[in-house]
Amino acid sequence: MQIDAPTPPTRAWGDPLALLLASTGEGVFGIDLDGLCVFINHAGARMIGFEPDELLGRNMHDLTHHSHADGAHYPVEDCPIFKAFLEGLPCRIDTEVFWRRDGSGFPVEYSSHPIVDGGAVRGAVVTFVDITDRKRAADALQRAKDELEERVGERTLALATALKQVRELAARSEAVREEERTRIAREVHDELGSLLVALKMDVNWLDKRLSEQEQRTLEAAGDMRERMRCKCQNMSRLIENAVDNVGRIITDLRPSILDHQGLWAALEWQAQEFVQSAEMSLNWCMEVDDVPDPPEPLAMGVFRIFQEMLSNVGRHSRADRLGVHIVVKGTSLRLTVQDNGVGAPAQAFEAADAYGVMGMRERARHFGGDIHIDSAPGQGTRMGLTVTLPPGDLV
């Protein structure tokens with residue numbers, strides 16, 4: 001069998017090295033021991049604003065590496081390329097700039113490889129690439145990292161404040177609840193405590209990882225951000241579990257009157273009991289028509305909020321008249337308690353130790369509701385709850 005001889009290369013392949021230099025997008029030039037340009041490819045010449053022929057025989061350090069990024073003079077003896085001559089070792093730098101013909105600078109990554117002949121260094125080949133886009137991306141990444149650290153710091157502070165309020169609220173509840181609720185108070189501590197410890201450990205983990213971010217490479221920093229996102233999602237699940245546990249405990253404390261007569265009767269009974277004990281007159285108005293009671297968890301929440309509103313009147317108002325207005329319109333339940341007492345400035349209801357108001361708002365938010373308070377010194381206080389009822393429970 002006859003084997004065809006290989007086809008000889010055409011003239012187009014006559015100088016592979018020249019083809020390689022022409023095809024690469026990186027700048028490549030060679031210099032002798034005096035730093036004079038021996039050759040440079042078109043890509044490299046274009047990057048610094050010259051034609052290749054203009055650079056042959058010229059000192060490349062003086063042309064394109066003469067100054068630092070801040071404009072300070074860059075002595076040739078400090079140049080890594082020059083040092084590579086002396087030591088006969090390659091170098092790779094990505095923290096410096098090259099300068100163009102028009103005087104503008106651009107960040108580069110360059111490497112220098114000594115040319116050794118007969119055991120002696122004869123020059124060097126330098127490759128370089130414009131990393132403006134990379135630096136811009138790195139700066140944007142750093143800004144994003146700084147913003148993330150700031151946000152995590154704000155969220156951490158907010159979480160620490162919330163946890164402190166939860167602990168104080170739990171301590172107050174334990175002090176004022178009856179002896180028969182001691183078991184429930186312990187349950188709050190045991191179940192929520194483990195979740196809070198887990199949250200604290202997650203926060204500490206985030207704090208430690210964030211403090212280490214600057215030491216990581218870009219790739220490692222990106223991987224760590226993904227891990228931190230997963231950690232935040234886990235913390236969110238822990239918080240959701242805590243809310244669920246609180247809702248279950250509230251349901252366990254359900255007053256029997258809710259089971260026997262329903263929410264509307266329970267609210268009227270509680271109001272009558274309160275004004276009789278406080279020796280106050282009552283203006284009662286309830287417009288619920290034939291609306292059935294809300295679901296059990298929501299009914300319990302509304303009842304507890306109403307109890308806390310009355311408790312607030314009894315402790316602080318020094319009032320002798322109380323107005324209660326309960327109305328259901330469409331899917332909206334509005335419950336309002338108004339007294340003619342001494343009132344208080346608005347900031348009193350936002351104080352860190354306003355545990356009663358804090359507890360009402362937490363309960364209302366759990367059901368998608370809202371607490372609104374209108375008060376001023378000498379003008380009494382109006383406290384209201386607005387919550388949406390499930391459509392299936394309306395006639």
Side-chain angles (χ1 to χ4, degrees), residues 141-177 181-216 220-254 296-298 300-301 304-305 308 349-371 387:
L141 183 62
Q142 182 62 42
R143 287 193 299 271
K145 173 180 173 293
D146 293 341
E147 291 176 2
L148 177 62
E149 289 180 346
E150 182 179 355
R151 291 181 181 178
V152 170
E154 293 173 353
R155 297 292 175 85
T156 301
L157 178 60
L159 180 59
T161 302
L163 294 179
K164 178 175 180 293
Q165 292 175 340
V166 168
R167 287 192 294 267
E168 292 174 347
L169 186 58
R172 173 183 175 273
S173 298
E174 185 176 348
V176 301
R177 295 295 187 234
R181 296 182 181 172
T182 300
R183 179 183 61 84
I184 299 299
R186 292 197 187 100
E187 190 175 356
V188 170
H189 178 271
D190 292 341
E191 296 192 15
L192 292 184
S194 63
L195 291 173
L196 296 181
V197 170
L199 285 170
K200 179 177 175 59
M201 293 175 65
D202 284 348
V203 170
N204 290 341
W205 185 92
L206 283 172
D207 182 68
K208 183 177 180 182
R209 296 291 95 74
L210 285 171
S211 67
E212 298 169 350
Q213 276 294 80
E214 294 182 355
Q215 305 169 12
R216 296 189 175 94
D223 292 340
M224 181 53 64
R225 282 195 301 277
E226 187 61 32
R227 292 180 62 190
M228 286 190 288
R229 290 191 189 100
C230 293
K231 184 68 70 174
C232 289
Q233 292 170 359
N234 182 62
M235 292 169 67
S236 178
R237 287 191 292 270
L238 290 176
I239 293 172
E240 290 174 358
N241 289 338
V243 173
D244 290 341
N245 283 339
V246 170
R248 179 180 55 79
I249 293 169
I250 290 174
T251 302
D252 289 343
L253 287 171
R254 179 182 186 83
E296 291 185 2
L298 178 56
M300 173 58 70
R304 288 301 187 201
I305 290 171
E308 186 58 39
F349 300 96
E350 305 295 334
D353 58 351
Y355 302 114
V357 175
M358 191 188 311
M360 287 191 294
R361 284 183 169 145
E362 288 300 320
R363 280 197 174 96
R365 277 195 288 263
H366 180 71
F367 297 105
D370 181 54
I371 296 292
V387 67

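None of the values given here were measured: they were computed from a predicted structure.
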(request) Could you check Arg361 against Arg365 for side chain to side chain contact (heavy atoms under 4.5 Å, CB included), going step by step and ending with a plain yes or no? (result) CA-CA 6 Å; Arg361 284 183 169 145; Arg365 277 195 288 263; 4.1 Å; yes
(message) Apply side chain to side chain contact (heavy atoms under 4.5 Å, CB included) to residues Met235 and Leu159 and explain how you reach the verdict.
(response) CA-CA 11 Å; Met235 292 169 67; Leu159 180 59; 4.0 Å; yes
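Atom CZ of residue Arg209 and atom NZ of residue Lys231 lie 8.5 Å apart, to the nearest 0.5 angstrom. The distance from the CD1 atom of Ile305 to the NE2 atom of His366 is 10.5 Å, given to the nearest 0.5 Å. Here the CG atom belonging to Asp223 is positioned 11.0 Å from the CE atom belonging to Met228, to the nearest 0.5 angstrom.
For Arg225, there are no salt bridge (charged side-chain N to carboxylate O under 4.0 Å, His left out) partners two or more places apart in sequence or in a different chain. With sequence neighbours excluded, no residue forms a salt bridge (charged side-chain N to carboxylate O under 4.0 Å, His left out) with Arg237. For Phe349, the side-chain contact (heavy atoms from CB on, under 4.5 Å) partners at least two apart in sequence or on another chain are Ala344, Val357, Ile373, Ser375, Thr381. Evaluation of the side-chain contact (heavy atoms from CB on, under 4.5 Å) rule for Ala220 yields Arg216, Thr217 as partners, not counting sequence neighbours.
For the residue pair Ala364 and Asp370, the shortest heavy atom distance occurs at CB-N, 4.0 Å.
Identified under the salt bridge (Lys or Arg N to Asp or Glu O under 4.0 Å) test for residues 149-159, with sequence neighbours left out: Lys145-Glu149.
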For residues 197-208, tabulate all N or O donor-acceptor pairs below 3.5 Å that involve a side-chain atom, not counting sequence neighbours.
unit_1	atom_1	unit_2	atom_2	d
Asp202	OD2	Asn234	ND2	3.2
Asn204	ND2	Lys200	O	3.4

